[in-house]
Amino acid sequence: MNERIRADFPILKDIIYMDSAATSLTPEPVLEAVLSYYREYNANVGRGVHRLSQVASQKYQNAHRKVAEFIGAKEGEVIFTKNTTEAINMVAYGLRWTKGDEIVTTLLEHHSNFLPWLRLKEKGVSLKIVKPSKSGIFDISDFEHAIGDRTKLVAVTQVSNVLGTISPIKEMAAICKETGGGNDTLFLVDGAQSVPHIPINVEELGCDFLAFSGHKMLGPTGTGVLWMRDPDGLEPTFFGGGMIETVSRDDYTLTGGYERFEAGTPHISGGIGLGRAVDYLNDVGMERIRVHEERLAKKLIEGLLGIEKVQVYGSTNLSERIGVVSFTVEGLHPHDIALMLDEASDILVRSGHHCCMPLMHYLGLDDGTVRASVYLYNTKEEVDTFLELVEGIAKVV
Ligand SMILES: Cc1ncc(COP(=O)(O)O)c(C=O)c1O
């Protein structure tokens, strides 16, 4: 990746940022798009006839269109949320559950794709949890066994935020279609770690819902997305202004499109910023980003594997993983390593359980891991500096 991209992230002049899996940095053009909303056409959307409201509404709608196109979806199928967590909860609250329904999920999941389903146990819904191998790879036949006539929903992350491994989503989608016994097993994909890093097309994936976070793909914080194949198949979670056609004293009719699911004043500047982030990613090219990150991941993994006392987690096969790399150093707590990297060389990484406690227990890693995650703005030189530091830290233990 070139200097022009680096120049769009002035924050990088003082730091090496390797925590993009938590939240990405925000390029100048996205900041400008957010500011220009406030400076030039600050107004509410969907309601006013005055000129600023018209401009704001148009730009907010355009942002939905851009995001829909980015994932190969149609306009009206994409709704803006505040993050992946809200998007997944909207599915948990918006589907009608009956006692005896089953949900199939996995042990790889982030708490955001686990707790909403665990909570449904109160409604008599049961949870089946498919286990990956210790390096995060699934045996697809485990899904064939787990999914049955009672399975209403399968909810799986496309990329693990701990191990960086990519799950076989298309194969899982096929099983949902074949095995549901004609009962329409719905398939939700948590795309929080995939949509920012690999080209995604919902038609090719074959899922029914895709949830992801705008703030992990160069967009502003407070932005996320829920794509759904059939907007009529989900009840809105929130009710209020902006999502109705008519209201009488006793009744109401809902409007169509994304507005149906976005009651109240939305995060207008955030949505517009997310649309700009999508333009930015398209300009760079998602294929190019994927290749760049694969190179960095290779360097990271090979470098870490060569350091004594360092243990790397997740598959080492680059075609089935992204640049999210978890590791530990024998004898050191992950938080101590993260602090040393920050203090010694301004390298910012994540440490701990990464909101994946069930996975951490399964891996026997109750203190968690250190997680380095890269994005389009990281360089080979930064990875070299990082590896030198980790080697130095591992030597002194
Ligand atoms: C795989 C995965 N799912 C869900 C989430 C939750 O995202 P958010 O905090 O934006 O709701 C994350 C965040 O790290 C994640 O990595």
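Predicted, not measured: the structure shown is a model, and the values here were computed from it. Both counts, for ligands and for their atoms, begin at 1 and track the order of listing.
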### Spacing of CD1 belonging to Ile322 relative to OG belonging to Ser373, to within rounding of 0.5 Å
8.0 Å
### Query
Do His354 and Thr369 meet the criterion of a side-chain donor-acceptor pair at a distance under 3.5 Å?
yes
### Protein contact of atom 16 (O) of ligand 1 - nearest heavy atom, named by residue and atom, plus distance
Gln193 NE2, 2.6 Å
#### Entry: Asp190 side chain to His110 side chain, donor-acceptor N/O pair below 3.5 angstrom
no
### Message
Within ligand 1, which atoms have a heavy atom of Lys216 less than 4.0 Å away?
### Response
7 (O), 12 (C), 13 (C), 14 (O)
### Query
Does a salt bridge link Arg229 with Glu77, judged by any charged N lying under 4.0 Å from a carboxylate O?
no
### Short N or O distance, Glu86 and ligand 1, threshold 3.5 Å exclusive
no
### Query
Short question: side chain of Lys99, backbone of Gly124 - any donor-acceptor pair under 3.5 Å?
no
### Side chains of Asn113 and Thr157, donor plus acceptor under 3.5 Å
no
### Query
Is there a nitrogen or oxygen of Asp190 sitting under 3.5 Å from a nitrogen or oxygen of ligand 1?
yes
### Query
Which of the atoms of ligand 1 are close to Ser213, meaning less than 4.0 Å from one of its heavy atoms?
7 (O), 8 (P), 10 (O)
### Query
Is the side chain of Arg6 donor-acceptor paired with the backbone N or O of Tyr377 at a distance under 3.5 Å, no angle test?
yes
#### Entry: Check: Arg150 side chain, Asp101 main-chain N or O, donor-acceptor pair, under 3.5 Å
no
### Sub-4.0 Å heavy-atom contact, Asn113 with ligand 1
no
### Thr85, portion touching ligand 1 at heavy-atom distance under 4.0 Å
both
### Query
For atom 15 (C) of ligand 1, what's the nearest protein heavy atom and its distance?
His110 CD2, 3.3 Å
### Message
Tell me the contacting part of Glu109 for ligand 1: side chain, backbone, both, or neither, using a 4.0 Å heavy-atom threshold, strictly below.
### Response
neither
#### Entry: Lys82 touching ligand 1 at heavy-atom level, < 4.0 angstrom
no
### Parallel, tilted or perpendicular: rings of Tyr375 and His197 (30°, 60°)
tilted
### Query
Heavy-atom contacts under 4.0 Å between Thr157 and ligand 1: side chain, backbone, both, or neither?
side chain
### Task
Can you sort out which atoms of ligand 1 are near Asn161, meaning under 4.0 Å from one of its heavy atoms?
16 (O)
### Query
When you look for heavy atoms under 4.0 Å from ligand 1, do you find them on the side chain of His215, its backbone, both, or neither?
side chain
